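All chains are named by letter (A, B, ...) in the order of the sequence lines, taking the proteins before the strands, and each is independently numbered beginning at 1. Predicted model, so just to flag it, every value in this text is computed and none were measured.
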Amino acid sequence: MKILTFIINAEVSMKNELIQILHKELTEYFTLDDLVKVLETPPNDELGDYALPCFSLAKKLRKSPKVIAESIADKLATIPEIAHLQAVSGYLNIFLNKDWIINLVLAQSLEQDYAKGKIDTKTIVEYCSPNTNKPLHLGHLRNMAIGESISRILKYSGHDVVKTCIFNDRGVHICKSMLSYQDFGKGEKPEDKKIKSDHFVGDYYVKFALQAKLEPNYEDKALQMLEQWEAGEQEIVSLWRKMNEWAFTGFNETFQLFGTNFDKEYYESQIFRNGKEIILAGLAKNIFQKRSDGAVVVDLEKYGLGEKVLLRPNGTSVYIVQDIYLAYLKNQDFCYDKSIYVVGNEQEYHFTVLKQILKLLGASYADGIQHLSYGMVELPEGKMKSREGTVVDADDLINNTAELAREEIFKRYPEMAISEVEKRSIAISLAAIKYQLLKTETSKNMIFNPKEAIRFEGDTGPYLLYSYARASSILRKAEVEYETKPWTANQSEMRLIKKIAQFPEILHDSSTRLVPSLLASYTYDLCQIFNHFFHDCPVLKSEFASQRLALVSSFRNTISIALNLLGIDTLEEM
RNA sequence: GCGCCGCUAGCUCAGCUGGAUAGAGCAACGCCCUUCUAAGGCGUGGGUCAGGGGUUCGAAUCCCUUGCGGCGUGCCA
């Protein structure tokens with residue numbers, strides 16, 4: 001497996017080109033895998049383009065790292081791709097032939113499908129999965145940003161990706177907004193009050209909570225309504241249909257605004273009764289046990305997961321049974337190799353248990369299951385709590401941020417056509433929000449400061465868009481075609497080229513480790529280096545105009561792919 | 001109680017599958033627009049990488065331990 005990924009990678013990355021070259025000469029010192037592992041980028045470019053630490057060989061060869069570095073240097077002395085070598089304090093610093101780097105990297109990175117992979121893997125990505133009783137909030141936005149981005153990253157890396165969503169569209173929480181609407185809604189519709197339809201539903205969920213404080217048995221009433229729903233009582237079912245319709249209509253608007261969609265949607269209401277047969281079959285095979293009170297349980301003690309109830313004494317299923325069924329169903333539908341669940345880290349136990357149960361059941365598709373566990377979003381004041389009204393609503397956040405972008409645009413272009421202002425302000429708003437949500441290491445909890453997210457300077461989404469727009473602007477104004485003929489590239493240019501060269505490795509890591517944040521922070525570094533180049537090196541008026549145009553073009557292509565993989569739309573002008 | 005995760009500059013975060021002087025952004029201060037987009041660039045100050053111990057030629061990174069914070073441990077979803 002490792003060798004396989006290596007070979008795929010080797011086609012496109014400068015690092016792997018070099019590793020191939022080194023390996024030919026250094027078989028007695030390093031295996032291919034060793035080289036992949038050990039070859040590193042030095043902390044600054046006075047120390048070369050790559051470095052080979054020789055400490056690990058010291059024991060084996062019973063020589064000092066310094067001596068080893070020197071003798072390796074001798075071995076590599078005649079390789080044309082290497083300009084010179086420096087053995088310093090146990091490291092062998094490698095300075096590559098600049099022309100070789102430039103030609104190789106530009107040739108690769110000017111291709112539209114730079115670093116694109118090809119593997120034969122069917123992968124399902126499930127994400128978002130909202131309840132239909134209230135509108136989407138900031139937590140969903142992080143989920144969606146990660147889900148959409150990892151789907152694109154996997155697809156670009158060659159996976160055949162199916163994006164799915166399970167809508168939790170039934171249950172007592174849904175009945176709560178239904179009950180409160182029935183009691184206080186007076187038959188009103190969202191259109192009447194000019195409220196986005198999912199917000200309209202959510203308002204009744206809030207109203208329920210208020211009422212429940214005044215009326216002690218209000219919660220019970222919701223439970224009763226659930227029973228009526230399950231019994232299929234017409235009035236309740238049609239109320240449920242109507243309100244779900246509102247919720248879905250609203251969600252779809254948000255999905256479209258945010259720029260995400262699903263290939264296959266699942267609905268809890270359609271599957272929640274299934275799965276029981278799987279459990280009973282497991283019971284018959286003695287994989288599960290019947291407890292004295294009649295409940296069906298699975299003993300996961302030896303995996304350190306305790307005992308998990310699957311069927312209650314009254315025979316009804318607990319939540320995980322539905323997920324067991326859904327995994328089965330997904331495999332029926334798509335015959336997947338991998339099935340990724342983008343779900344918060346609070347559900348790690350749930351997915352460990354799910355996978356283990358499927359393994360016990362002997363499901364062939366159990367091994368492909370992977371929980372992409374991401375960290376919770378908190379506000380500077382602490383956690384978001386719907387009861388205390390501290391939840392940041394998704395639509396509001398996008399719109400408020402867009403409003404600020406609008407103001408910034410007016411400052412710069414007071415005459416701009418409204419439609420153009422609209423287009424740009426939404427793009428800027430989404431870039432700001434998505435980047436903010438993606439840049440923190442995916443698995444870590446993050447604090448989302450709305451005031452910081454709407455800032456447009458520094459380490460932000462708009463900075464990335466701005467860098468792209470600057471590159472586009474140069475290319476638009478260029479009158480000559482670029483050519484990739486050699487020149488003596490200066491430090492700013494070399495840094496940019498070398499950063500562009502890293503893209504395939506970053507993409508590879510991001511996709512195999514399922515961590516979009518790696519790509520996000522690379523993208524920022526890349527832009528920083530570009531902006532430094534932009535400041536240092538005039539392009540159009542330079543004697544190296546043609547070569548620099550090639551470089552700008554290569555940057556623009558790379559950043560454009562990267563932003564697309566983050567789910568961020570670019571602007572040609574900003 | 002047990003389990004998992006986190007703790008890096010005033011704040012928000014990179015760096016964590018061990019490697020060379022620990023990096024960004026924001027905030028503060030100073031400089032740079034008759035030159036391809038100043039939503040930009042450059043500079044200055046700011047660190048006991050939570051504390052302690054260990055492994056190693058080498059530890060922010062791995063192990064143990066203490067503290068603080070979060071989450072999980074539902075016959076909720």
Side-chain angles (χ1 to χ4, degrees), chain A residues 37-38 40 42-44 47 51 53 55-56 58-59 64-65 88-91 93 129 131 168 170-173 268 272 291 293-297 304-306 308-314 316-320 322-323 344-350 352 373 375-376 378 380 382-383 405 408-409 411-412 428 432 436 439-441 443-449 451-453 455-467 469-478 509 513 517-518 520-522 524-525 527-528 531-542 545 548-549 552 573-574:
Chain A
K37 225 180 141 181
V38 94
E40 61 182 54
N44 65 60
L47 296 172
F55 308 98
S56 59
K59 248 180 205 166
S64 77
V88 181
S89 58
Y91 289 92
N93 293 332
S129 305
N131 296 337
N168 300 113
R170 53 127 253 141
V172 70
H173 49 294
E268 184 182 345
F272 80 105
R291 217 169 48 183
D293 64 357
V296 176
V297 301
L305 300 168
K308 177 80 188 166
V309 172
L310 300 169
L311 301 181
R312 303 181 183 99
N314 68 6
T316 56
S317 314
V318 305
Y319 182 78
I320 200 166
Q322 173 184 311
D323 252 349
N345 57 17
E346 58 201 350
Q347 292 200 40
E348 273 167 15
Y349 173 78
H350 173 80
T352 312
S373 164
M376 301 285 91
E378 290 171 25
K383 277 183 219 171
E408 293 295 318
I409 294 167
K411 272 190 222 163
R412 294 169 177 81
I428 290 167
Q436 175 84 355
K439 71 174 182 173
T440 301
E441 192 191 319
S443 69
K444 277 191 183 173
N445 289 2
M446 60 172 291
I447 293 176
F448 186 95
N449 187 335
K451 282 179 197 149
E452 215 168 278
R455 227 174 250 148
F456 301 139
E457 290 132 43
D459 185 7
T460 64
Y463 177 89
L464 309 179
L465 291 187
Y466 188 68
S467 313
R470 281 178 139 184
S472 286
S473 169
I474 293 175
L475 294 170
R476 234 181 358 255
K477 288 178 181 162
D509 284 356
R513 289 166 53 190
S517 58
L518 280 176
S521 61
Y522 165 80
Y524 175 67
D525 290 347
C527 286
Q528 245 188 343
N531 280 318
H532 185 85
F533 158 84
F534 182 93
H535 183 262
D536 268 12
C537 310
V539 175
L540 300 177
K541 288 178 182 163
S542 153
R548 285 183 177 167
L549 278 171
V552 172
E573 293 178 67
M574 219 173 124

Which base, if any, makes a Watson-Crick or G-U wobble pair with [N], both distances under 3.5 Å?
N	result
U34(B)	none
A60(B)	none
C68(B)	G6(B)
A24(B)	U12(B)
C75(B)	none

With heavy atoms under 4.0 Å as the rule, sort [X] into base, sugar-phosphate or nothing.
X	value
A405(A)	nothing
R412(A)	base
A295(A)	nothing
E268(A)	sugar-phosphate
R513(A)	base
D323(A)	nothing
P380(A)	nothing
L464(A)	nothing

Could you pull out the protein-nucleic contacts involving nucleotides 40-44 of chain B (nitrogen or oxygen on both sides, under 3.5 Å)?
unit_1	atom_1	unit_2	atom_2	d
G40(B)	OP1	G458(A)	N	3.0
G40(B)	O2'	R470(A)	NH1	2.6
G40(B)	O2'	R470(A)	NH2	3.1
G41(B)	OP1	Y463(A)	OH	2.7
G41(B)	O2'	H535(A)	ND1	2.9
C42(B)	OP1	H532(A)	ND1	2.8

[N] to [M] separation - [atom1] atoms, rounded to the nearest Å:
N	M	atom1	answer
C5(B)	G46(B)	P	36 Å
C16(B)	A60(B)	C1'	7 Å
C31(B)	C63(B)	P	49 Å
U21(B)	C7(B)	C1'	25 Å
A50(B)	A9(B)	C1'	14 Å
G43(B)	C26(B)	P	14 Å
U61(B)	C49(B)	C1'	10 Å
G45(B)	A24(B)	P	13 Å

### Message
Looking at every heavy atom in both L464(A) and C527(A), which two are closest together, and how far apart are they?
### Response
CD2-SG, 3.8 Å
#### Entry: Shortest non-hydrogen contact between Y463(A) and G458(A), atoms and distance
CB-O, 3.0 Å
### With D525(A) via salt bridge (Lys or Arg N to Asp or Glu O under 4.0 Å) - residues at least two apart
K499(A)
### C33(B): syn or anti, per glycosidic angle within 90° of 0
syn
#### Entry: 4.5 Å side-chain heavy-atom contact, S467(A) and Q528(A)
no
### Query
Using a distance-only test with no angle check, is there a side-chain donor-acceptor pair under 3.5 angstrom linking H173(A) and N168(A)?
no
Short heteroatom pairs, N/O only, protein and nucleotides 10-15 of chain B, under 3.5 Å:
unit_1	atom_1	unit_2	atom_2	d
C13(B)	OP1	I447(A)	N	2.5
A14(B)	OP1	E441(A)	N	2.4
A14(B)	OP2	K444(A)	NZ	3.3

For the pair made of [atom1] in [X] and [atom2] in [N], what is the distance, rounded to whole Å?
X	N	atom1	atom2	answer
I320(A)	C76(B)	CD1	C1'	13 Å
I428(A)	U37(B)	CD1	P	16 Å
R476(A)	C36(B)	CZ	P	13 Å

### Task
List in chain and number order the residues that pass side chain to side chain contact (heavy atoms under 4.5 Å, CB included) with S443(A), two or more places apart in sequence or in another chain; answer none if no residue qualifies.
E441(A)
If you restrict it to nitrogen or oxygen atoms, what contacts under 3.5 Å exist between nucleotides 57-63 of chain B and the protein, and what is each distance?
none

### Query
Hey, which of these two, V539(A) or Y319(A), hits RNA chain B nearer its 5' end, going by closest nucleotide?
V539(A)
### Message
Can you work out whether V38(A) or F533(A) has the more 5'-proximal nearest nucleotide on RNA chain B?
### Response
V38(A)
Just the table, please: protein N/O against nucleotides 72-74 of chain B N/O, every pair under 3.5 Å.
none

### Summary
The nucleotide from A77(B), U21(B), A39(B) with an atom nearest the side chain of N44(A) is U21(B)
